[in-house]
Amino acid sequence: MQFFIDTANLSQIKEAYELGILDGVTTNPSLMAKEGIKGAEAITKHYMDICKIANGPVSAEVIATDFDGIIAEGKVLAALDKNIVVKVPMIKDGIKAIKWFTDNGIQTNCTLVFSAGQAILAAKAGATYVSPFIGRIDDSSWDGVNLIEQIAHIYRLQGFQTKILAASIRNALHIVRCAEVGADVCTCPLDSILGLLKHPLTDIGLAKFLEDAKSMK
Ligand code: E4P
C-alpha cells in the first residue's frame, strides 16, 4: 500500500518525506485555503513547491464544475509538473472530464466518492485513482472501511485498473484497516501516519533497555 500525505502544508510534507515512506501528496481546496494560498499565481507556485518536495503523484483539485471549465483547469494543472494528478469531483461533468483526461494521457483522481456505484463509474471513465472518503462516511454512522472492502472486491472481480485511494483518514487504525481490506493508497494527515509509531509497550521496553544499558558503561 502506498502512503500519500493529505495536506498542503509544506513543512508537514517535508517531515513525512524525510521519514522515507512518502509516495505522494493529496490536496483539496479546503487544505489549500487553510495555508492561506490566494490567487491563481500563488496557487500555481504552491503546487510547484509541493512537487519539488514530493517525488511522486500530487493531486491538485479543479474548482470548475462544468465540462469545459474542468478540462481547461485540468490542462493548466497537468502542465505544471509531470507528477500532477488532476482531482475531479464525482459529478456528471466530472465523469465526462475524467474520460477526456484518460483519453488524453492525463492522470486523474476522482474525489468525493461515497458509494460503490460512484466507484464503478470512476473506474469505467478510466480514473487513475478513486477517493472514497472513509472518515466522513464514519461521521454519518456508516462504516467507511466496509466501502473500501466492497470497492476492492468489485475492482478485483471486474479487472478495473483504477487505484483505490482511501481518503478522509482520521487515525492510525483507519490506515491499518485500509491495508487489511486492500486499499492501494492511503492518504493521511501527518498525525495519523505518526500514530502508527505508537505503542505503550515500545515506550516501556525502550525505557528499560536504556536503563539497563547504563550498567554496561
Ligand atoms: C483527500 O483527497 C480528501 O480531500 C481528504 O482526505 C478529505 O479529508 P477530510 O474528510 O478530513 O476533510
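Just so you know, ligand 1 is whichever comes first in the structure, and atom 1 is the first atom listed for that ligand. Owing to the predicted nature of the structure, the values given are computational and were not obtained by experimental measurement.
Between atom CG of residue Asp66 and atom CG of residue Asp93 there is a gap of 6.5 Å, rounded to the nearest 0.5 Å. Here the CG atom belonging to Leu80 is positioned 11.0 Å from the CD1 atom belonging to Ile43, to the nearest 0.5 angstrom.
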Could you list each nitrogen or oxygen of ligand 1 that sits under 3.5 Å from a protein nitrogen or oxygen, with the atom names and the distance?
residue, atom, partner, partner atom, Å
ligand 1, 2 (O), Lys87, NZ, 2.5
ligand 1, 4 (O), Asn28, ND2, 2.7
ligand 1, 4 (O), Lys87, NZ, 3.2
ligand 1, 6 (O), Asp6, OD2, 2.5
ligand 1, 6 (O), Ser168, N, 2.7
ligand 1, 10 (O), Arg136, NE, 2.7
ligand 1, 10 (O), Ser168, OG, 2.7
ligand 1, 10 (O), Arg170, NH2, 3.0
ligand 1, 12 (O), Arg136, NH2, 2.8

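Using a cutoff of 4.0 Å between basic side-chain nitrogens and carboxylate oxygens, Asp68 and Lys96 are not scored as salt-bridged.
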From CA spacing to verdict: side-chain hydrogen bond (donor to acceptor under 3.5 Å, both in side chains), Asp184, Gln2: CA-CA 6 Å; Asp184 298 293; Gln2 290 195 312; over 6 Å; no

Check against side chain to side chain contact (heavy atoms under 4.5 Å, CB included), Asp6 and Val25: CA-CA 6 Å; Asp6 193 28; Val25 179; over 6 Å; no

Distance-only check: which donor-acceptor pairs under 3.5 Å involve side-chain atoms of residues 127-139, not counting sequence neighbours?
residue, atom, partner, partner atom, Å
Thr128, OG1, Thr108, N, 2.9
Thr128, OG1, Thr108, O, 3.4
Ser131, OG, Asn109, OD1, 2.8
Ser131, OG, Asn109, ND2, 3.4
Asp138, OD1, Gly144, N, 2.7
Asp138, OD2, His174, NE2, 2.8
Asp139, OD1, Arg170, NH1, 3.2
Asp139, OD2, Arg170, NH1, 2.8

